[in-house]
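Letters A, B, ... are given to chains in the order of the sequence lines, protein chains preceding strands, and every chain is numbered from 1.
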Amino acid sequence: MAMEKTFDAAEAEQRLYEAWERSGAFKAGANAAPGAETFSIMIPPPNVTGSLHMGHAFNNTLQDILVRWHRMRGFDTLWQPGTDHAGIATQMVTERDMAANDEPTRVEMGREAFIDRVWQQKVKSRGTIIGQLKRLGASADWSREAFTMGGAAGDPEKGQGPNFHDAVIKVFVDMYDKGLIYRGKRLVNWDPHFETAISDLEVENVETSGHMWHFKYPLANGATYEYVEKDENGAVIFRETRDYISIATTRPETMLGDGAVAVHPSDARYAAIVGSLCEIPVGPKEHRRLIPIITDEYPDPAFGSGAVKITGAHDFNDYAVARRNGIPCYRLMDTRAQMREDGAPYAEAAAIAMAVARGERTLDEAEVDAINLVPDDLRGLDRLEARKRVVEQITGEGLAVMVPGDPEESGGNVCMDPGMVPLVEAKQIMQPFGDRSKVVIEPMLTDQWFVDTAQIVQPAIDAVRSGEVTIMPESDRKVYFHWLENIEPWCISRQLWWGHQIPVWYGLDLERGAFRDDEGDGALDMVEMQRLLWDQSLAPGTDRYHAAPDFDGLGAKFDDVLAGLPTPLNHARLIEVADRGAAMHALAESLAEYVATQDPTQLVYPVWRDADVLDTWFSSGLWPIGTLGWPEDTPELQKYFPTSTLITGFDIIFFWVARMMMMQYAVVGQKPFSHVYVHALVRDEKGKKMSKSLGNVLDPLELIDEYGTDAVRFTLAAMAAMGRDLKLSTQRIAGYRNFGTKLWNAARFAEMNGATPAALGSDYSHAAPPAATETVNKWIIGETARVRAEVDAALDAYRFNDAAGALYVFVWGKVCDWYVEFSKPLLTDGSDAVKAESRATMAWVIDQCLILLHPIMPFITEELWSNLGARQKMLIHADWPEYGSELIDAGADREMNWVISLIEAIRSARAQMHVPAGLQIPLLVTSLDPAGEAAWSRNEAMIKRLARIESLEHVDAFPKGCATVAVEGGTFGLPLADIIDVEAEKARLDKTLGKLEKEIGGLKGRVNNPKFAASAPEEVVAEARENLALREEEAETLRAARARLAELG
RNA sequence: GGGUGAUUAGCUCAGUUGGUAGAGCGCUUCGUUUACACCGAAGAUGCCGGGGGUUCGAGUCCCUCAUCACCCACCA
């Protein structure tokens, strides 16, 4: 059966992959040698609803190369696959799908039904990404496929994979018990679209154009002060009497929640008014709030007016200032970042705030949070609309800082002074956006769960510092340290439904009579209610990790109570909802009624579970142990953990790598992996990040369809130079597709010439190289040994591009360009012994090519492997060679390099003399050293064939019209009397001489420099001398030839 | 504002302890010699961003400047 001219990737890939999978070739431990070392890699789990993009293709190609390489070398190898439940992303995808199918909305169907719906989505789309990874050739142990939410409530495939959920819950509870996890009201990044908190890593800061307004905060009771500005030398440059303090802001709507104005303690301009009150210049006139002027280190006297308004609930800096100074943080917005509508009317709320500002009253956190300081006319408005109204109101009242300008141009129709306009600076500001929602993030004061990262970060730093865990490349190590050394608490709660629900239950102590106020009339103060709700949080008693059986029924009853509430609320989100005031009152009444109607001796404790779910990265942070069956002490855990290598992109160093380090040390006290290889981002050919919106996405599957998986993989490997961006072009892929074809045709040639294991009746997969007598054969065997060492060294150092490059140069540049050509005369005209030896050598060399290329190009090599002979094992399990420099024959090396250089020199001369390519010409030689003579006689047939030479004749001197070819140890000539172009030959010689002389000049400079001889290493000096001698000899020959031509005229 | 990485042939990029520049694509010329036109042969193209320094010797180490990219960051 003759082989096709090219490899049909589309036809073969699926067939080969199925054969591998069917044979169990990917299974953990497959092909392991007895007592072998282990090698394990955890796949960075792709989103379960995702599809394969270039980054996945790159990442998984590199993993597969390492895995296949180790497996062939007999390591006990595990590549652990799986997918990630990807909280926000998956919830988003599912809701989009639901909308497209006119299904009820998430809120309409309720939590439980929605979660079931997401599970359906998960089961449906899981196959997509897995199938795509298989098309890439990924040799992961699919029988062990894991899911970061496997085993959680509603999992229709519960029990089929590792129970990741139980592991996550156990970690949460254990860390909670150790005090590593806490709950608290903190300012967090709030995504108003998804209505959830997100971590700071999920925020993208983008520079956008905004405005900075300047407003006057009048001093209370019409007080005035001397405002004096001085220059650097202390000379007064400006002085006026003021009855206000000037404040700049980019977010005027947050003025409503101001708790103070802060100035730097050293700022002399305001020293006189520190401690007094000023007025927030917005809101109903009769209820203007007064706030204190305080000092804090935070304001920069040199920036703006030097005075900063402090809005603790809506700005991270202000929050810190407020906390330091005991300033109340008044929350102004609801979960959708609209101005609050709940609570008492503005007049009432403002009165309380006033009392606080005057120091007449103190409030606790919950009480402060209950106060809604949004004026009645602004309640319910969007942030931006509220901002517009606030600016209008202040400006209309004349409290904007004014500067000269044309009112028409500024568009202001509210100006009172002709020729003056409000000071509004156009300004680039960094605005936070949600990385998923792309909406503006709002700092929001909410109750959230946090990991106290400061307590667990140290081992993660120390391990890398000490070399226990290595991170490559070096620059990413620095990035890693920088982040961990400045670690912030990790907000791990998300107000989503899809995820690991936090295993904390809350209850009310009814026996304490919590539902009766002091008068005992059954009415419960809303704030008191809220405080109780959270103060009574507890972890369930009997089963620490699951819903306590004792509470189950009661929890349902409590749900019944809640069902009667006016709004269909997720009850544990009461604290977050916009109208929670009304909800709280209703809840209190319902509970009071419940208590009243119960037999006091039968009183039960309503219990409900925290509705929040965990940050996706909390669970994927446990991927290394969770996939191996922890907390069970499974054989896999013992064998494959800690894992060997993690291959990942730099974009998730913080999200994932750092978290895995912290979590694994915190939970099992061990490193998750020994090596981290951080690879570059795949970009388009112009270097742009691939994104759907730019339309520059290269779909790896389309590329695979067009060029075959092997070509795509080889390209990615060849471009994997560490620490760089990877710019992908289809031309490059086509080039490597051609490389595959080249290999294919070399194998085809071997087959046509009986140089295959099939024809030779042996299996060369294990065989040592054949004993060779022919120089060519000795030479190629040595070259093979050389490339084997190069590939191993390169892969060992994660230099995938070096491995790919070495193989490319060897297969194409050595085997195909030279060895196949050299072998032709041997295979056709050689003696039987020479033929046999050459066939055996070629069969062996091709086999070695297949073996060495297999990790990078698994399909075409496996296909050739079976085509060329019956094998004991598939190539995927073939033994990786270990031979080394003992196969390199220095003499053969030297001789073949001489032959090659002679052929190249003759070809070059012929081409430049325009000798017709097919014309056989004689070759003359005037001098040839013994080594050259021997080389010629042993390789005559090859030289003649490849250089198109018909004969060799020794002469004393070259005749007229002869092109001179100088090689080491010999001077050859091409007699071209009739066809030689004297001028062309002169030009050719001059050019070659020019190059040589330049080189000789450099070498002489070095060799003649006494300091060079004194300070350079001996071998470098010797090499330079030797080189110089050779070049001078060659130049001498050419100069003689040049002189002869000159005589010709 | 801080950090990291870049700047090498027309394009995209290699260049691992400093020894004097490489690949693929593209381009030019020639070529159907029994593996391959997804091919073969030959060829052209680089003050290795600018400047300074260390060294016998620097694309490679140090300093500085310029430009670009990315990451981190609280300037109202």
With a 4.0 Å cut-off on heavy atoms, is [X] in touch with a base, just the backbone sugar-phosphate, or nothing at all?
X	value
A:Lys427	sugar-phosphate
A:Gly306	base
A:Arg910	nothing

The criterion is salt bridge (Lys or Arg N to Asp or Glu O under 4.0 Å); which residues satisfy it with [X], sequence neighbours excluded?
X	answer
A:Arg1031	A:Glu999, A:Glu1034
A:Asp258	A:Lys309
A:Glu11	A:Arg15

Among pairs that include at least one residue of residues 808-823 of chain A, which meet salt bridge (charged side-chain N to carboxylate O under 4.0 Å, His left out), considering only residues two or more places apart or in two chains?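 Passing the test, one end in residues 808-823 of chain A: A:Glu783-A:Lys814, A:Glu821-A:Lys824.
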Sequence neighbours left out, what passes side-chain contact (heavy atoms from CB on, under 4.5 Å) with [X]? Give chain and number order.
X	result
A:Met752	A:Arg748
A:Glu297	A:His264, A:Pro265
A:Asn189	A:Ile198, A:Asp200, A:Val203, A:Phe316, A:Ile441

With sequence neighbours left out, what residues match A:Glu474 under side chain to side chain donor-acceptor pair (under 3.5 Å)?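 Listed in chain order: A:Arg477.
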Taking side chain to side chain donor-acceptor pair (under 3.5 Å) as the definition, give me every residue that meets it alongside A:Arg1025, ordered by chain and number, with sequence neighbours left out.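 For A:Arg1025 there are no side chain to side chain donor-acceptor pair (under 3.5 Å) partners, ignoring immediate neighbours.
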With 3.5 Å as the limit, what N/O pairs link the protein to nucleotides 18-20 of chain B?
unit_1: B:U20; atom_1: O4; unit_2: A:Arg1006; atom_2: NE; d: 3.1

Reading RNA chain B 5' to 3', how would its secondary structure be written in dot-bracket notation, given Watson-Crick and G-U pairs with both distances under 3.5 Å, brackets [ ] for crossing pairs and | for partners on other strands? (((((((..((((.....[..)))).(((((.......))))).....(((((..]....))))))))))))....
Give every pair of a protein N or O atom and an N or O atom of nucleotides 35-42 of chain B that lie under 3.5 Å apart, one pair per line with the distance.
unit_1: B:A35; atom_1: OP1; unit_2: A:Lys824; atom_2: NZ; d: 2.9
unit_1: B:A35; atom_1: O3'; unit_2: A:Arg748; atom_2: NH2; d: 3.3
unit_1: B:A35; atom_1: O2'; unit_2: A:Asn745; atom_2: OD1; d: 3.0
unit_1: B:A35; atom_1: O2'; unit_2: A:Arg748; atom_2: NE; d: 3.3
unit_1: B:A35; atom_1: O2'; unit_2: A:Arg748; atom_2: NH2; d: 2.9
unit_1: B:A35; atom_1: N6; unit_2: A:Cys816; atom_2: O; d: 3.0
unit_1: B:A35; atom_1: N6; unit_2: A:Glu821; atom_2: OE2; d: 3.1
unit_1: B:A35; atom_1: N3; unit_2: A:Asn745; atom_2: O; d: 3.4
unit_1: B:A35; atom_1: N3; unit_2: A:Ala746; atom_2: N; d: 3.4
unit_1: B:C36; atom_1: O4'; unit_2: A:Asn745; atom_2: OD1; d: 3.3
unit_1: B:C36; atom_1: O2'; unit_2: A:Asn745; atom_2: ND2; d: 3.4
unit_1: B:C36; atom_1: O2; unit_2: A:Lys742; atom_2: NZ; d: 2.8
unit_1: B:C36; atom_1: N3; unit_2: A:Lys742; atom_2: NZ; d: 2.9
unit_1: B:C38; atom_1: O4'; unit_2: A:Asn738; atom_2: OD1; d: 3.1
unit_1: B:C38; atom_1: O2; unit_2: A:Arg737; atom_2: NE; d: 2.7
unit_1: B:C38; atom_1: O2; unit_2: A:Asn738; atom_2: OD1; d: 3.0
unit_1: B:C38; atom_1: O2; unit_2: A:Thr741; atom_2: OG1; d: 2.7
unit_1: B:C39; atom_1: OP1; unit_2: A:Asn738; atom_2: ND2; d: 3.0
unit_1: B:C39; atom_1: O3'; unit_2: A:Lys742; atom_2: NZ; d: 3.0
unit_1: B:G40; atom_1: OP1; unit_2: A:Lys742; atom_2: NZ; d: 3.0
unit_1: B:G40; atom_1: OP1; unit_2: A:Trp812; atom_2: NE1; d: 2.5
unit_1: B:A42; atom_1: O3'; unit_2: A:Ser908; atom_2: OG; d: 3.4

